[in-house]
Chemist: 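Quick one: the structure is below, questions incoming.
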Amino acid sequence: MKKLFFFLFLLILAASVVHGEDGAYIGVNIGTAMTSVPAPTQITTLLRSQNIRHVRLYDADPAMLAALANTGIRVIVSVPNEQLLAIGNSNATAANWVARNVAAHYPSVNITAIAVGSEVLSTLPNSAPLLMPAIRYLQNALVAAALDRYIKISTPHSSSIILDSFPPSQAFFNRSLDPVLVPLLKFLQSTGSPLMLNVYPYYDYMRSNGVIPLDYALFRPLPPNKEAVDANTLLHYTNVFDAVVDAAYFAMAYLNVTNVPVMVTETGWPHKGDPSNEPDATSDNADTYNSNLIRHVMNTTGTPKHPGVAVPTYIYELYDEDTRPGSTSEKYWGLFDMNGIPAYTLHLTGSGVLLANDTTNQTYCVAREGADEKMLQAALDWACGPGKVDCSALMQGQPCYDPDNVEAHATYAFNAYYHGMGMGSGTCYFSGVAVITTTDPSHGSCVYAGSGGKNGTSLLNGTSLAPSSNSTAGDSGAHRAIGDVSSFVRAVVTALLLSVVLLL
């Protein structure tokens, strides 16, 4: 089996007022809720082979940290929720935790941050009073070890703590959390640490009952009349991710905090689910979301409120976790299965960062099997017309006339456009009727653009890249709490209606 080079993560250094020198990067969460957990050395081998340079652990396992030593990989270690009680009640316990789990490994392990708990305010409200004492005690220990300049401390939040989150300009944090959030934000401000936020457009979309368009959740560019408009700022939002991040910025501003950066510690999309009630948990959608997410983050696109400002982001997650409880999709958020085989292939040719497998320069754009014939015909007409594809080879008597059907002719035109545009992001979409494959569709004397004269054999499942003319927890088994996103969904319903009115 060919070795699949799944990721090539390149650190793009970008100076910005909010994010300092860390700039834009993509990291990956590493969970271990599996029947067969890979050995730490296997995990680091996979990370290094894919050049993944940023990871977040849900604990501070010494064997994992030992395996990460001298790799240069930047690591966020975590205090599991079940350890909050001990650390939040004892400065000495916190000092001992830092000595064993941080100081003993630094600097051979490039630890950059400590995540204290996971979504404590939304999933363990009774433990909320312990959060700030634990953070302060851990900070004291870092200061004592002279590590506070290099290692930041924060705590990941569910986006559900933000109320009235759409439009973003009217967002505010749940006021009942002020006794914790106000001192936390002051702490983050004083230490230059980020607000850690978990953002899951998949759940926002699923719970919206069709109000949030799938394209809006997947970063697919929308026509102006489909964009959500913030009536207060007139900022246009084309995806859920940006809207949630900006809601966090506005919620902080509501509390007079304007210089704390947002770091997205978890986001992603499941690649498999129960077809009866999770029809959008598919490889295609997981590829589309994560591919567009990576491009969006690495291009330092920023958000409408802070354009050009990097949002460091960690994908959930490295491996599928087959022992996670809950719905079928809960087990299938991984980029790889537990054997290190890619769950699907991220396809990002032309994004400016090489993040695809080793066949990425031999890919083809073809008509999706079973696609609606009228939609195929409309896309074919566009490609041979406004798309400026030379479709003369499809004329009767020409080499690509046969087979004479819309699917075959659309495949030729789609592929010609795709390669004519340099296989750029979004150039194989055509309203969802096109798909990328490594199988060369050439036949007889009909040679397709990009053909090297050899037919491939594997199909890249994830294909729905963004169509754009511009192209631009506690333990490892329960670490990801999805929170309550109903307030976001309700607010989006109103905002989308308002945006339609404003654009009429």
Chemist: Using a 3.5 Å distance criterion without hydrogens, assess whether the side chain of T155 forms a donor-acceptor pair with backbone atoms of V116.
Modeler: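 Yes, T155 side chain to V116 backbone: donor-acceptor pair under 3.5 Å.
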
Chemist: Tell me which one of P304, P201, P168 satisfies side-chain contact (heavy atoms from CB on, under 4.5 Å) with D242.
Modeler: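 Exactly one option meets the side-chain contact (heavy atoms from CB on, under 4.5 Å) with D242, and it is P304.
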
Chemist: Between S193 and S154, is there a donor-acceptor pair closer than 3.5 Å when you use the side chain of the first and the backbone of the second?
Modeler: no

Chemist: Of all heavy-atom pairs between A248 and V262, which one has the smallest distance, and what is that distance?
Modeler: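 Answer, listing the atom of A248 first, then V262: CB-CG2, 4.2 Å.
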
Chemist: Working note: S108 + N70, criterion side chain to side chain contact (heavy atoms under 4.5 Å, CB included); need CA distance, chi angles, decisive distance, verdict.
Modeler: CA-CA 5 Å; S108 60; N70 303 310; 3.7 Å; yes

Chemist: Does one side chain, of N174 or S176, offer a donor that lies under 3.5 Å from an acceptor on the other?
Modeler: yes

Chemist: Any side-chain to backbone donor/acceptor pair from S159 onto V199? Under 3.5 Å, distance only.
Modeler: no

Chemist: Could you state the interatomic distance from CG (N81) to CG (L124), rounded to the nearest 0.5 Å?
Modeler: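 Nearest 0.5 Å value for the CG-CG distance: 5.0 Å.
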
Chemist: Would you indicate whether the side-chain heavy atoms of M64 and D59 approach each other to under 4.5 Å?
Modeler: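 D59 does not reach M64 side chain to side chain.
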
Chemist: Would you mind checking if D215 and R220 are paired as a salt bridge, meaning a charged N to carboxylate O distance below 4.0 Å?
Modeler: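 Judged by the 4.0 Å cut-off on N to carboxylate O distance, R220 and D215 do form a salt bridge.
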
Chemist: Can you find a pair of side-chain heavy atoms, one from N290 and one from L293, that are under 4.5 Å apart?
Modeler: yes

Chemist: Go through the steps to decide whether L47 and T71 satisfy the test side chain to side chain contact (heavy atoms under 4.5 Å, CB included), and finish with yes or no.
Modeler: CA-CA 10 Å; L47 295 173; T71 62; over 6 Å; no

Chemist: Show the numbers, then the answer: is there a side chain to side chain contact (heavy atoms under 4.5 Å, CB included) between T112 and H54?
Modeler: CA-CA 10 Å; T112 60; H54 296 79; over 6 Å; no

Chemist: What is the distance from atom CG of N89 to atom CG of L84, rounded to the nearest 0.5 Å?
Modeler: 10.0 Å

Chemist: Check the angle between the aromatic planes of H296 and F219 and answer parallel, tilted or perpendicular using the 30° and 60° thresholds.
Modeler: tilted

Chemist: Can you find a heavy atom in the side chain of Y314 that is under 4.5 Å from one in the side chain of I76?
Modeler: yes

Chemist: Flag the pair Y254 / Q170 as yes when at least one side-chain heavy-atom distance between them is below 4.5 Å, and no otherwise.
Modeler: no

Chemist: Using ring-ring contact (aromatic ring centres under 6.0 Å, His included) as the criterion, point out the one residue from W333, Y316, F241 that pairs with Y202.
Modeler: W333

Chemist: Might you point out which heavy atoms bring Y216 and A243 nearest each other, and give the distance in Å?
Modeler: OH-CB, 3.9 Å

Chemist: When rounded to the nearest 0.5 angstrom, what is the spacing between CD1 in I114 and CG in L142?
Modeler: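 Going from CD1 on I114 over to CG on L142, the span is 4.5 Å.
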
Chemist: Test R56 against every option in V77, I315, T265, L318 by the side-chain contact (heavy atoms from CB on, under 4.5 Å) rule and name the one that passes.
Modeler: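 Single side-chain contact (heavy atoms from CB on, under 4.5 Å) partner of R56 among V77, I315, T265, L318: T265.
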
Chemist: If you define the side chain from C-beta out and look only at heavy atoms, does anything of L181 sit under 4.5 Å from H157?
Modeler: yes

Chemist: Tell me whether K305 at atom NZ has more than 12 heavy atoms from other residues, nucleotides or ligands lying less than 6.0 Å away.
Modeler: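 Buried by this count: over 12 neighbours within 6.0 Å.
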
Chemist: Do V244 and D204 have side chains that get closer than 4.5 Å, going by heavy atoms?
Modeler: yes

Chemist: Might you point out which heavy atoms bring G88 and Y137 nearest each other, and give the distance in Å?
Modeler: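 That would be O-CE1, 3.5 Å.
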
Chemist: Y58 and I30: which non-hydrogen atoms are nearest, and at how many Å?
Modeler: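 Smallest heavy-atom distance, with atoms named: CD1-O, 3.3 Å.
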
Chemist: For P183 and M132, work out which heavy atoms get closest and say how close.
Modeler: O-CE, 4.0 Å

Chemist: Without swapping roles, check the side chain of T191 against the backbone of F187 for a donor-acceptor pair under 3.5 Å.
Modeler: yes

Chemist: Atom CG of D246 and atom OG1 of T303: how far apart are they, to the nearest 0.5 Å?
Modeler: 3.5 Å

Chemist: With a 4.5 Å cut-off on side-chain heavy atoms, are L185 and Q189 touching?
Modeler: no

Chemist: Look at the side chain of S78 and the backbone N and O of L57, then say whether any donor-acceptor pair between them is shorter than 3.5 Å.
Modeler: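 Between the backbone of L57 and the side chain of S78 there is a qualifying donor-acceptor contact (under 3.5 Å).
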
Chemist: Going through the checks in order, is the side chain to side chain donor-acceptor pair (under 3.5 Å) test met by D230 and Y237?
Modeler: CA-CA 8 Å; D230 187 323; Y237 287 88; 5.0 Å; no

Chemist: Using every non-hydrogen atom in the two residues, find where V79 and L138 come nearest and quote the distance to one decimal.
Modeler: CG2-CD1, 4.0 Å

Chemist: Please round to the nearest 0.5 Å and tell me the distance separating atom CD of E330 and atom CD of E278.
Modeler: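 Reported to 0.5 Å precision, the distance equals 8.0 Å.
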
Chemist: Whether the side chain of Q42 engages the backbone of A39 through a donor-acceptor N/O pair (distance < 3.5 Å, no angle test) should be reported.
Modeler: yes

Chemist: Once rounded to the nearest 0.5 Å, what's the spacing between atom CG of L188 and atom CG of L184?
Modeler: 4.5 Å

Chemist: Quick one, H271 and D320 - any side-chain contact, counting heavy atoms below 4.5 Å?
Modeler: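 Yes, close enough: below the 4.5 Å cut-off.
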
Chemist: Can you list the steps and then say if V240 with Y205 is a side chain to side chain contact (heavy atoms under 4.5 Å, CB included)?
Modeler: CA-CA 9 Å; V240 174; Y205 164 73; over 6 Å; no

Chemist: Counting N and O atoms only, with roles assigned by atom type, does the side chain of D178 sit under 3.5 Å from a partner on the main chain of V182, one being a donor and the other an acceptor?
Modeler: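 Here the side-chain-to-backbone pair does not exist.
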
